[in-house]
Enquirer: 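Shown below is the structure under consideration.
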Amino acid sequence: MILGYNEFVSQTAEQIACNLGRIVGEEKVLHGSAVERVYSSDAYTVERFPPTVVALPTSTEDIAEIVRFCREHDLPFTPRGAGTGLSGGAMPALGGAVISTKKLTAILDFSIEDQWLHAQSGIANLKITKKVEPFGYHFAPDPSSQSVSTLGGNIAMNSGGPHTLKYGVTAQHILGLRYVNGNGEIITIGGPAGQQPGYDLLSLLIGSEGTLGIVTEAWVKLTKNPSAICTASTYFSTIEDASKCVGAMVRSGVMPAALEMMDHYVLAAVAAAYPIHVPKGTAAMLLIETDGEPESAKSDIDELISIAEQHNSIETALAKNQAERTLLWTARKKGVGALGRLAPTVVTHDGVIPPSRLPEMLEAVYAVVQSQNIGVANIFHAGDGNLHPIFYFDEREPGAIDRVVKAGEMVIEKCLELGGSVTGEHGIGVEKTDLLAKMYSANSLAFQARLRDVFGSPQSCNPCKVIPSGKGCLEHKVRWRGVAT
Ligand SMILES: Cc1cc2nc3c(=O)[nH]c(=O)nc-3n(C[C@H](O)[C@H](O)[C@H](O)COP(=O)(O)OP(=O)(O)OC[C@H]3O[C@@H](n4cnc5c(N)ncnc54)[C@H](O)[C@@H]3O)c2cc1C
């Protein structure tokens with residue numbers, strides 16, 4: 001039994017579970033060593049802390065009750081969707097209650113005529129598209145985790161994905177939210193018709209990483225499927241040619257629906273597991289997709305392929321049907337998972353640079369990992385300069401985690417030097433709180449930190465995330481990092 005932050009609570013985990021269970025139903029509250037282990041981190045596994053209890057509410061009202069209970073008992077609480085976050089956002093940094101949306105998966109209503117869908121926040125992203133696919137529509141934000149990551153998690157992180165290059169990130173597809181603020185009040189903002197008059201609170205809540213309360217329902221915009229899609233993979237014998245080609249494609253004025261890059265480390269890991277074709281001598285592959293009316297989609301992809309040829313591509317494959325298209329996407333879709341073949345632990349980093357700076361950025365990434373003696377594979381949304389160096393290593397090796405953290409900082413410093421940002425889409429979480437100070441002045445950070453007060457959100461609501469100023473965060477920082485137990 002571990003209590004999260006002893007100054008916050010005076011009850012044992014059993015007592016908390018029992019008291020909370022009395023309010024929302026005992027079957028909705030979990031605790032114990034297995035629960036502590038499973039919920040101690042998200043997909044950023046180098047920093048961990050166990051929750052005291054995990055709540056599995058089934059309604060907005062349940063969540064409001066749980067939040068009020070936490071406030072009353074000075075218990076920190078952390079919202080959690082599917083736990084696929086890559087910056088430690090769903091880690092219960094000071095222990096306390098993890099409030100999971102796992103059971104909030106219902107589609108409440110939808111209108112094809114007016115192009116919206118209303119769902120609970122724990123629904124997996126892809127389930128929304130599956131629901132409206134028969135009508136020729138989809139939900140455009142498509143993080144590569146979309147088969148499991150939740151609508152609430154996508155909203156909290158303002159997630160992107162391969163097709164957000166053309167269609168925009170999650171914020172561009174949310175019409176309204178129902179949410180429970182950090183005081184346990186239920187608030188509705190926007191709705192099927194979108195943002196209502198007054199302050200644009202939707203913009204502030206989207207991307208707030210669960211620090212301003214818990215989203216319980218959302219109205220999302222539905223996007224009509226394009227009439228035609230063209231997909232091609234084009235291969236290069238040097239990273240430099242491939243990355244220069246990305247800048248040229250972006251400058252060409254043709255807007256690809258997706259423009260993704262994978263280096264030979266990713267391709268080798270995927271090829272070991274799936275029947276993908278990788279030409280001999282490939283250093284990098286670009287996956288290009290265009291869409292729209294059949295003629296424009298075809299002429300756009302032809303133009304992009306001709307740009308690739310001007311940048312010395314060694315081979316190009318243009319999908320002739322859906323099966324071939326799926327196969328070309330395999331390297332992208334299975335890339336992160338396949339990296340498990342290279343080492344026991346992977347940490348996916350994330351930063352942004354202007355696409356024209358890709359060649360020097362990638363050169364820097366390979367130099368950084370060499371200096372820190374770890375491995376790296378690159379698979380990322382190249383078209384919007386959204387970089388994902390994936391460090392692979394053995395966390396049981398003494399000092400490995402510190403070297404990985406150092407490498408991440410070095411990469412981000414280079415992103416900033418090249419005019420980029422500390423994160424493209426994976427957020428700040430606990431991973432990048434220190435790095436934010438390299439981007440913003442102290443005044444600017446203090447101003448942003450005051451948002452919690454505006455939304456009635458105490459420091460105990462997802463503590464120590466984004467801009468930590470709460471009690472206990474600094475003291476705990478050192479305890480989060482280390483070998484997974
Ligand atoms: C293989 C893989 C591929 C990925 N690809 C992409 C990608 O292409 N693009 C991208 O942007 N990200 C990507 N991610 C990162 C991650 O999937 C996204 O950040 C996703 O939106 C997280 O959703 P989740 O449900 O797993 O949220 P969690 O990890 O559970 O939580 C993420 C954050 O949101 C908060 N939160 C969760 N639910 C709520 C809620 N209902 N209300 C308020 N706050 C909440 C949590 O407190 C936490 O701070 C990827 C991750 C993996 C593992």
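These numbers come from a predicted model, not from an experiment. Order of appearance sets the numbers: ligands from 1, and atoms from 1 within every ligand. The figures that follow rest on heavy atoms only: side chains count, while hydrogens, waters and symmetry mates do not.
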Enquirer: Mind running side chain to side chain donor-acceptor pair (under 3.5 Å) on Asp142 and Gln146 for me, showing each step along the way?
Expert: CA-CA 6 Å; Asp142 62 342; Gln146 68 179 153; 5.4 Å; no
Enquirer: Tell me the nearest of Gly83, Gly152, Gly213 to atom 43 (C) of ligand 1, using heavy-atom distances.
Expert: Gly213
Enquirer: Who gets closest to atom 5 (N) of ligand 1 by heavy atom: Ser208, Ala43, Ser144?
Expert: Ser144
Enquirer: Which part of Arg80 is near ligand 1, with near meaning a heavy atom under 4.0 Å away: side chain, backbone, both or neither?
Expert: both
Enquirer: With the threshold set at under 4.0 angstrom, would you say His381 reaches ligand 1 through any of its heavy atoms?
Expert: yes
Enquirer: Give me the ring orientation class for Tyr366 and Tyr265: parallel if the planes are under 30° apart, tilted from 30 to 60°, perpendicular past 60°.
Expert: tilted
Enquirer: Polar contacts were defined as any N/O atom of the residue lying under 3.5 Å from an N/O atom of the ligand; does this apply to Arg332 and ligand 1?
Expert: no
Enquirer: Taking atom 45 (C) of ligand 1 as the point of reference, which of Ala124, Ser145, Ala156, Ala90 owns the nearest heavy atom?
Expert: Ala156
Enquirer: Under 3.5 Å between some N or O of ligand 1 and some N or O of Met157?
Expert: no
Enquirer: Among Thr84, Thr78, Val98, whose heavy atom sits nearest atom 51 (C) of ligand 1?
Expert: Thr84
Enquirer: Would you say Asp142 has any N or O atom under 3.5 Å from an N or O of ligand 1, going by distance alone?
Expert: no
Enquirer: Heavy atoms only, cut-off 4.0 Å: how does Lys465 contact ligand 1, side chain, backbone, both, or neither?
Expert: neither
Enquirer: Taking the inter-plane angle between the rings of His349 and Phe391 on a 0 to 90° scale, is it parallel (under 30°), tilted (30 to 60°) or perpendicular (over 60°)?
Expert: tilted
Enquirer: Specify side chain, backbone, both or neither for Thr101, according to which of its non-hydrogen atoms lie closer than 4.0 Å to ligand 1.
Expert: side chain
Enquirer: Test of understanding: given a 4.0 Å heavy-atom threshold, classify the contact between Asn462 and ligand 1 as side chain, backbone, both, or neither.
Expert: side chain
Enquirer: Among protein heavy atoms, which sits nearest to atom 44 (N) of ligand 1, and what does the distance come to when rounded to 0.1 Å?
Expert: Gly210 CA, 3.3 Å
Enquirer: When you check the gap from the basic side-chain N to the acidic O, do Glu289 and Arg325 get nearer than 4.0 Å?
Expert: yes
Enquirer: Got Glu47 and Ser41 here, is their nearest side-chain heavy-atom distance under 4.5 Å?
Expert: no
Enquirer: Check Lys102, Lys28, Lys103 against Thr58 for a side chain to side chain donor-acceptor pair (under 3.5 Å) and give me the one that passes.
Expert: Lys28
Enquirer: Should we say atom NZ of Lys333 is surrounded by more than 12 heavy atoms from elsewhere, each under 6.0 Å from it?
Expert: yes
Enquirer: Do Ile214 and ligand 1 have an N or O pair less than 3.5 Å apart?
Expert: no
Enquirer: If we set the cut-off at 4.0 Å for heavy atoms, which region of Pro79 has an atom near ligand 1: side chain, backbone, both, or neither?
Expert: both
Enquirer: Among Leu75, Ile16, Val53, Thr78, exactly one meets side chain to side chain contact (heavy atoms under 4.5 Å, CB included) together with Cys70. Which residue is that?
Expert: Leu75
